[in-house]
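Worksheet for the structure shown next.
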There are 2 protein chains.
Amino acid sequence: MRIGELAERAGTTTRTLRYYESRGLLPARRAENGYRTYDEGDLRLIQQIRTLQDFGFDLEETRPFVDCLRAGHPAGDSCPASLAVYRRKLGELDALIGQLQSVRTEVGAQLARAELEASAELPGGPEPRCELGPTAPQSPVGPNWEDER
Amino acid sequence: MRIGELAERAGTTTRTLRYYESRGLLPARRAENGYRTYDEGDLRLIQQIRTLQDFGFDLEETRPFVDCLRAGHPAGDSCPASLAVYRRKLGELDALIGQLQSVRTEVGAQLARAELEASAELPGGPEPRCELGPTAPQSPVGPNWEDER
DNA sequence: CCTTGCCTTGACGCCGACGTCAAGGATTAC
DNA sequence: GTAATCCTTGACGTCGGCGTCAAGGCAAGG
């Protein structure tokens with residue numbers, strides 16, 4: 001199997017596979033003409049990588065799983081190094097979820113407060129001001145700031 | 001107040017303030033010698049921006065709040081456009097938290113399953129294999145893959 | 001006068017995971 | 001024979017939010 005077919009079967013691109021190879025994951029045998037050659041095991045490697053990436057693992061974190069598979073183990077998480085990554089990730093996830101929840105709470109509180117103050121001014125308010133609506137482009141074409149592209 | 005003092009009082013850097021200016025937030029008056037000049041209102045602008053950034057808002061999302069403050073309103077979220085951003089952010093946060101929680105569940109399940117299988121092989125297992133531990137650098141210096149810098 | 005310390009603009013670097021184009025070799029299809 | 005399709009390496013672009021020089025102007029103290 002050559003790189004194009006492997007990419008298609010894995011639902012990815014050849015660029016991605018070459019990138020994996022450049023990072024030391026997914027090594028490739030070469031045919032006589034220099035073409036990369038792959039087998040079914042390589043397909044499983046890629047599937048392992050993509051699964052973990054879908055979980056939010058970055059490439060470097062998938063390395064223990066890949067090494068484990070390439071060492072002949074039945075699953076990428078059959079090795080202690082992979083389990084260690086799982087555990088670390090669980091901790092990171094818990095921390096992140098906690099932070100996001102507290103942010104959610106704070107933002108929700110800010111919204112509630114701002115809505116209250118808005119409704120306190122609108123109905124019998126003295127002046128009806130604040131014309132900056134959500135769908136207002138206000139300045140026609142946009143000012144001059146266009147440096148530092 | 002010049003840019004250095006403002007940066008220090010805001011707990012940020014001059015580079016950051018110039019960057020904000022280049023993005024159209026935080027406009028600056030100029031003294032005769034070309035130096036940027038700021039007042040207390042600009043400090044509040046920056047504080048508003050940093051607060052939102054701490055919440056995970058990106059710079060572009062802070063624009064309505066900044067515009068609102070510069071329009072003379074008492075708070076950055078006194079305008080409907082800001083409230084709209086709040087609401088959109090709440091939705092994004094809920095979606096993200098939900099995704100992360102389901103990932104957490106899945107990773108937790110994978111870990112539990114892998115631990116089970118490991119303990120089922122170890123105690124009375126036939127061959128004690130799998131030497132790839134968490135603290136093993138295995139290959140001495142690392143292979144040759146170092147292209148695509 | 002000279003140094004020090006602020007300020008100015010301009011421009012490149014960084015990080016991660018690739019996308020995209022370029023130039024050319026190999027193979028296959030007609 | 002030649003066109004179409006695959007493959008190769010190399011290298012630059014992307015996105016956000018700045019960090020980090022570099023080269024030079026302006027003001028104040030000793």
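Not measured: the values here are computed from a predicted model. Note on naming: letters A, B, ... go to the chains in the order of the sequence lines (proteins, then strands), and numbering restarts at 1 for each one.
What separates CG of L17(B) from P of dC7(C) is a distance of 10 Å, to the nearest Å. Nucleotide dT27(C) holds its P atom 17 Å from the CD atom of E5(A), rounded to whole Å. Nucleotide dC18(D) holds its C1' atom 14 Å from the CD1 atom of I49(B), rounded to whole Å. Spacing between atom CD of E32(B) and atom C1' of dG25(D) amounts to 16 Å, rounded to whole angstrom units. Atom CG of D54(B) is separated from atom P of dC18(D) by 11 Å (rounded to the nearest Å). The CZ atom of R18(B) sits 15 Å away from the P atom of dA11(C) (whole-angstrom rounding).
Linking ILVMFWY side-chain heavy atoms closer than 4.5 Å, directly or via other members, places Y20(B) and L43(B) in a single hydrophobic cluster. Both L100(A) and L90(A) belong to a single network of hydrophobic side chains, linked directly or stepwise wherever heavy atoms of I, L, V, M, F, W or Y lie under 4.5 Å apart. Grouping the Ile, Leu, Val, Met, Phe, Trp and Tyr side chains by contacts below 4.5 angstrom, directly or via other members, places L17(B) apart from Y35(B). Hydrophobic cluster membership is shared by L93(B) and F55(B), with clusters built from Ile, Leu, Val, Met, Phe, Trp and Tyr side chains linked at under 4.5 angstrom.
Put simply, CD on E21(A) and OH on Y38(A) are 5.0 Å apart, with the number rounded to the nearest 0.5 Å.
For the helix from dC1(C)-dG30(D) to dC30(C)-dG1(D), the rotation axes defined at the first and last 5 base pairs enclose an angle of 30°, given to the nearest 10°.
Side-chain atoms of I3(A) lie closest to dT8(D) of the nucleotides dG16(C), dT8(D), dC6(D). Here the side chain of T16(A) is nearest to one of dC18(C), dG17(D), dT9(C), namely dC18(C).
Residues T14(B) and R18(B) bring a donor and an acceptor atom of their side chains to less than 3.5 Å of each other.
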Enumerate, atom names and distances included, each donor-acceptor pair closer than 3.5 Å involving a side-chain atom of residues 1-11 of chain A, sequence neighbours excluded.
unit_1: R9(A); atom_1: NH1; unit_2: E40(A); atom_2: OE2; d: 3.2
unit_1: R9(A); atom_1: NH2; unit_2: E40(A); atom_2: OE1; d: 3.0

Within the 4.0 Å limit for protein heavy atoms, which parts of nucleotides 20-26 of chain C are touched? Write it as a string from 5' to 3', B for base, S for sugar-phosphate only, - for none. B----BB

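T13(A) comes within contact range of the sugar-phosphate backbone alone, with a heavy-atom separation under 4.0 Å but no base atom that close.
In this structure, T37(B) contributes its side chain and R30(B) its backbone to no donor-acceptor pair below 3.5 Å.
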